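What follows is a single structure, written as structure tokens, with notes after it.
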Amino acid sequence: LGVEKRTLEMALKNYIMKVTFVKKDGTEREMYCTRNLQFHPEYEKKTDKVRNLPEHLLSVVDVDLNEWRMINVDTVKSALFCAPASEFKK
């Protein structure tokens, strides 16, 4: 698909998206996800360490599990807009 990380990142700030990608183990996964602040799960920071992600990884919130997940943008097969995050009901 050739999705650019910045494009996907910006879209996920405002929308819930259905993203299909290939996981590290080679299996395909579909996930409804976002980066919208209203969906960020509670998180207790345990250290002061700042995590620098490799350029091909994007952290998102899986809205079905309400947990943080990583997407390898190099393996994204499709990214579909589902709903504006402001209209999505958890």
Side-chain angles (χ1 to χ4, degrees):
L1 183 65
V3 173
E4 287 190 27
K5 182 177 180 178
R6 299 291 169 239
T7 303
L8 189 56
E9 200 170 17
M10 289 176 58
L12 286 164
K13 285 184 180 180
N14 296 307
Y15 290 90
I16 305 297
M17 297 184 74
K18 179 181 175 184
V19 179
T20 304
F21 61 100
V22 178
K23 294 173 28 174
K24 189 175 185 177
D25 67 6
T27 60
E28 192 172 289
R29 170 142 192 240
E30 289 183 349
M31 177 173 40
Y32 291 91
C33 56
T34 188
R35 289 180 55 89
N36 187 280
L37 292 174
Q38 80 181 43
F39 290 90
H40 286 195
E42 292 292 321
Y43 176 75
E44 182 181 329
K45 190 166 173 80
K46 296 177 181 141
T47 69
D48 291 332
K49 184 178 177 182
V50 175
R51 187 173 182 185
N52 292 318
L53 293 177
E55 188 60 31
H56 67 282
L57 293 180
L58 179 63
S59 60
V60 298
V61 175
D62 180 324
V63 296
D64 292 326
L65 299 175
N66 194 37
E67 295 179 353
W68 287 99
R69 293 289 184 257
M70 295 287 181
I71 294 175
N72 179 342
V73 295
D74 293 340
T75 67
V76 171
K77 292 184 156 197
S78 67
L80 306 172
F81 290 93
C82 293
S86 60
E87 297 175 11
F88 191 81
K89 304 292 184 222
K90 288 204 246 184

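Only this structure's heavy atoms are used, side chains among them; waters, hydrogens and symmetry mates stay out. Just so you know, residue 1 is the first one in the sequence shown, and it goes up from there. In this text, all values refer to a predicted model and were calculated from it rather than measured experimentally.
With rounding to the nearest 0.5 angstrom, the OG atom of S86 is 8.0 Å from the CG atom of N14. One distance of note links CD of E9 with CG of L58; it measures 5.5 Å at 0.5 Å rounding. Distance check, rounded to the nearest 0.5 Å: CE of M17 to CG of L80 gives 7.0 Å. Here I71 contributes atom CD1 and L8 contributes atom CG; the two are 6.0 Å apart, rounded to the nearest 0.5 Å.
Shortest non-hydrogen contact noted between V22 and T75 is O-OG1, 2.9 Å. In terms of heavy-atom proximity, Y32 sits nearest to I16 at CB-CG2, 4.4 Å. Minimum interatomic distance between R29 and L65 (heavy atoms only, all atoms of both residues): NH2-CD1, 4.2 Å.
A donor-acceptor distance shorter than 3.5 angstrom exists from the side chain of T34 to the backbone of L12, with no hydrogens or angles considered. Remark: side-chain polar atoms of K18 are not paired, donor with acceptor, to backbone N or O of C82 under 3.5 angstrom. In this structure, the side chain of D74 does not engage the main chain of H56 through any donor-acceptor pair within 3.5 Å.
Counting heavy atoms from C-beta outward, L53 and S59 have side chains that approach closer than 4.5 Å. In this structure, the side chains of V73 and L57 stay at 4.5 Å or more apart for every pair of heavy atoms.
Salt-bridge formation is not detected for the pair K23/E28: no Lys NZ or Arg NE/NH1/NH2 atom is positioned less than 4.0 Å from an Asp or Glu carboxylate oxygen. Under the 4.0 Å criterion applied to side-chain N and carboxylate O atoms, E30 and K77 are not assigned as salt-bridge partners.
Tracing side-chain contacts under 4.5 Å through hydrophobic residues (I, L, V, M, F, W, Y), one reaches V76 starting from F81; they form part of the same cluster.
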Next item on the list: Verify side chain to side chain contact (heavy atoms under 4.5 Å, CB included) between C33 and V61, making sure each step is shown before the conclusion.
Entry: CA-CA 5 Å; C33 56; V61 175; over 6 Å; no

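Between V60 and the choices R35, E67, M70, the side chain to side chain contact (heavy atoms under 4.5 Å, CB included) rule is met once, by R35.
Heavy-atom contacts from other residues, nucleotides or ligands closer than 6.0 Å to CZ of F21 number more than 12. Taking a 6.0 Å sphere around CG of D25, one finds it holds more than 12 heavy atoms contributed by other residues, nucleotides or ligands.
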